[in-house]
Number of protein chains: 2
Amino acid sequence: MNKKTDLRIIRSKHSIKRAFIELLNEKGYEGITIQDIADKAMINRNTFYLHYQNKPDLLNASMDELLEELNSTLNLCSSSKSPVSGSKLEQLMQTILERIQDSTPFYKALLLDENRIYGFQSKMEEIIKNTVEDGLDNTPLKISKELLLQYIASTFMGIVIWWVKNDYSYTPKELASQFGKILTHGHLKAAGISDD
Amino acid sequence: MNKKTDLRIIRSKHSIKRAFIELLNEKGYEGITIQDIADKAMINRNTFYLHYQNKPDLLNASMDELLEELNSTLNLCSSSKSPVSGSKLEQLMQTILERIQDSTPFYKALLLDENRIYGFQSKMEEIIKNTVEDGLDNTPLKISKELLLQYIASTFMGIVIWWVKNDYSYTPKELASQFGKILTHGHLKAAGISDD
DNA sequence: ACTCAAATGTCGCTTAACTAACAAAAAAAT
DNA sequence: ATTTTTTTGTTAGTTAAGCGACATTTGAGT
């Protein structure tokens, strides 16, 4: 639709986001100043305000964009109308890990340690819950759906964070496979979901 | 002096050069179109013409800039007023190799194979000759100075090109050391220059 | 509590870079 | 050889981004 956005706008926004992510990894959100961003992005400080209201605005915009990418990737991948199962969740996990790997510096900055304050984690959890729920539609459950969703989402986040923190010690495929084994041998049966 | 060049100008020129070098490695000089450069640099084609007259102009400007950097580096390093000697030339070689390594993609594009047509090689030779000649001032020679300079420059270029072509098979220090050995055991004595 | 320095937002004014469209030159295709 | 397509330079008008300067706000240091 907006096929013809001015090149300068695209460039400026790109540079700002790139600079922002780099700075996040270098000095953490709080320590970043608008001038820092401007310097690293090679733009004038004023230009920043042409595109974002302030630092939190940039942070939110960046997070939302990143999560939107994740979300649409997940929607594509889980569009197959098969019911939820262990292998389905394993596939989901793999997709998420791959997506993260493609945007490493950003996830690293937002997921690790003290950075979790900014609500990124819970937004990401929400996405996972929704994705799983969509594939869960009319499956009869033996336990509370909300509880199950929360449980699954927590598991996902725990593994993801551990993985990022440990500098991708496994490939997405390997890790997802291990995750799948835990799932099928663990609580899934208890919930009445077939493990394949 | 020009402390305050407009940020946009700096950015544009940088992007153009970066894009140009990448394209040189991707498809070679002849195959590059101005639009290619504009696309990769994320600028409008018109902007290119605000900074360079045409493709050859950009090529020359880039080469001159690169060689100027090399030249000033060499002037700094060979400023020590010691007479020419094997170890001196070895040091010179090492400096050149290190300089090249810092600007790998550009040298790679300009020095290898068919690209040599553009006169980059001979310009670089010239710089080497001048540098060596400066350190040669009033040393009495037993053979023609011009011949000696041409010989040395050719040796340098031969080694450099071989090194770039073979993807930096040695470290600059190692290669320079081997070069030094060839020098001192070879033609230097014949020219009446002490080998230390 | 007070001071000074640094960072934030916002404002005109100027300029580089944008879009779009053009004719001429070069390459490719028929 | 001749049409078609691509690439080249160039122009005119518009817009994003530059610069400098300003009043506030915020934070550290004393």
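Quick note on labels: first sequence line is chain A, next is B, and so on, each numbered from 1. Worth saying up front: this structure is predicted, and the values here are computed from it rather than measured.
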J.: For I43(A) and dA17(C), what is the distance between atoms CD1 and P respectively, to the nearest whole Å?
T.: 15 Å
J.: According to side-chain hydrogen bond (donor to acceptor under 3.5 Å, both in side chains), who are the partners of D39(B), at least two apart in sequence or on a separate chain?
T.: Q35(B)
J.: Listed by chain and number, what are the side-chain hydrogen bond (donor to acceptor under 3.5 Å, both in side chains) partners of D167(B), not counting sequence neighbours?
T.: K108(B)
J.: Where the side chain of N44(A) is defined as all heavy atoms beyond and including C-beta, which of dC19(D), dA7(C), dT8(D) is the nearest nucleotide?
T.: dC19(D)
J.: Rounding to an integer number of Å, can you tell me how far K55(B) NZ sits from dA25(C) C1'?
T.: 15 Å
J.: Examine dT8(D): is either OP1 or OP2 under 4.0 Å from a nitrogen or oxygen in the side chain of T33(B)? Give yes or no.
T.: yes
J.: I'd like to know if the side chain of E174(B) pairs up with that of Q178(B) as donor and acceptor (distance under 3.5 Å, no hydrogens or angles considered).
T.: no
J.: Determine the stems involving DNA chain D; a stem requires 3 or more consecutive pairs of the Watson-Crick or G-U wobble kind, each with both distances below 3.5 Å, and the answer is none if no such run exists.
T.: C:6-29 with D:2-25
J.: Could E133(B) and K145(B) be called an ion pair, given the rule that one side-chain N must be under 4.0 Å from one carboxylate O?
T.: yes
J.: Provide, to the nearest angstrom, the distance between the NZ atom belonging to K27(B) and the C1' atom belonging to dT7(D).
T.: 12 Å
J.: Hydrophobic clusters here meaning ILVMFWY residues chained together by side-chain heavy-atom distances under 4.5 Å, can you tell me if I43(B) and L50(B) are in one?
T.: no
J.: Sequence neighbours excluded, which residues qualify as ring pair (Phe, Tyr, Trp, His ring centres under 6.0 Å) partners of Y168(B)?
T.: W163(B)
J.: Identify, with sequence neighbours excluded, every residue that meets ring pair (Phe, Tyr, Trp, His ring centres under 6.0 Å) alongside F106(A).
T.: none
J.: Looking at K123(A) and D64(A), what are the two nearest heavy atoms and their distance?
T.: NZ-OD1, 3.3 Å
J.: Please state how far atom CD in Q35(B) lies from atom P in dA20(C), giving the value in whole angstrom units.
T.: 13 Å
J.: I'd like to know if E65(A) pairs up with K17(A) as an ion pair, taking the criterion as any Lys NZ or Arg NE/NH1/NH2 lying under 4.0 Å from an Asp or Glu carboxylate oxygen.
T.: yes
J.: Starting at atom CZ of F48(B), determine the distance to atom P of dT7(D), rounded to an integer number of angstrom.
T.: 15 Å
J.: Strictly below 4.0 Å, heavy-atom distances to any atom of DNA chain C: list the hits from residues 7-23 of chain B, or just say none.
T.: R8(B), I9(B), S12(B)
J.: Who passes side-chain hydrogen bond (donor to acceptor under 3.5 Å, both in side chains) against E126(B), sequence neighbours left out?
T.: none
J.: What is the distance from CD1 of I34(B) to C1' of dA26(C), rounded to the nearest Å?
T.: 14 Å
J.: Please collect all ring pair (Phe, Tyr, Trp, His ring centres under 6.0 Å) contacts where either partner lies in residues 5-28 of chain A, sequence neighbours excluded, each pair once.
T.: none
J.: Nearest-Å distance, CG (L58(A)) to P (dA7(C))?
T.: 17 Å
J.: Name all residues meeting the side chain to side chain contact (heavy atoms under 4.5 Å, CB included) criterion together with N44(A); count only those two or more places apart in sequence or in a different chain, and write none if there are none.
T.: N46(A), T47(A)
J.: Heavy atoms under 4.0 Å, any strand shown: does D6(B) hit a base, just sugar-phosphate, or nothing?
T.: sugar-phosphate
J.: Do any N or O atoms of the protein come closer than 3.5 Å to N or O atoms of nucleotides 24-27 of chain D, and which pairs are they?
T.:
none

J.: Look at K181(A) together with E90(A) and state whether they make a salt bridge at an N to O cut-off of under 4.0 Å.
T.: no
J.: Which atom pairs link the protein and nucleotides 21-24 of chain C when you take only N or O atoms and keep those under 3.5 Å?
T.:
none

J.: Should H51(A) be listed as having a side-chain N or O under 4.0 Å from OP1 or OP2 of dA16(D)?
T.: no
J.: Give the rounded distance in Å between these two atoms: CD of E30(B) and P of dA28(C).
T.: 11 Å
J.: Using salt bridge (Lys or Arg N to Asp or Glu O under 4.0 Å) as the criterion, list what pairs up with D57(A), not counting sequence neighbours.
T.: none
